[in-house]
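First up is the structure itself, then whatever we jot down about it.
Model, not experiment: these values are computed from the prediction.
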Amino acid sequence: MTGALIGVCLLFVVAAATLAVLCREPVRQAVALAALGLGLALLFTVLQAPDVALSQLAVGTALTPLLILLTVRKVRRRPADARDHGDRE
């Protein structure tokens, strides 16, 4: 049973990693990266490494995609701000 569960987790990790690489939009990449982090956390849990799974859950599933999304938001908003400042001068 454990071997089958490990196999399913590995297939999910491979699929999520492939999706993250093939996506061209940063927002979709962040979502795929969050799914990849979740898959890795499940894999670590099945492999009886709960401490690593919790770290992966916090960093790989939540923090890294959040930072990517905030960066994308800041970069997309920046040219509009620069354009607005040029109009006021």
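Phe44 and Leu54 are members of different hydrophobic clusters when ILVMFWY side chains are connected at heavy-atom separations under 4.5 Å. Note on Leu43: it clusters hydrophobically with Leu5, by side-chain heavy-atom contacts below 4.5 Å among ILVMFWY residues.
Side-chain contact between Leu70 and Lys74 is absent, with no heavy-atom pair separated by less than 4.5 Å. Residues Gln56 and Thr45 fail the side-chain proximity criterion, which asks for heavy atoms closer than 4.5 Å. In this structure, Cys23 and Leu19 have side chains that are in contact, with non-hydrogen atoms separated by less than 4.5 Å. When side chains are defined from C-beta on, Val46 does not count as touching Leu42, because their heavy atoms never get closer than 4.5 Å. In this structure the side chain of Arg73 never reaches within 4.5 angstrom of the side chain of Pro26, judged on heavy atoms.
The two residues Ala53 and Ala41 make their nearest non-hydrogen contact at CB-O, 3.4 Å. When all heavy atoms are compared, the tightest approach of Val13 to Gly39 is CG2-C, 3.6 Å. What you find for Ala16 and Ala35 is that their closest heavy atoms are CB-C, 4.2 Å.
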Would you check, one step at a time, whether the test side chain to side chain contact (heavy atoms under 4.5 Å, CB included) holds for Val31 with Glu25? CA-CA 10 Å; Val31 172; Glu25 283 187 43; over 6 Å; no
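The distance from atom CD1 of Ile6 to atom CG of Leu47, rounded to the nearest 0.5 Å, is 4.5 Å.
A donor-acceptor pair under 3.5 Å is absent between the side-chain atoms of Thr64 and the main chain of Gly60, judged by distance alone.
The side chain to side chain contact (heavy atoms under 4.5 Å, CB included) with Thr61 is formed by just one residue from the set Leu33, Leu36, Leu40, Leu38; it is Leu38.
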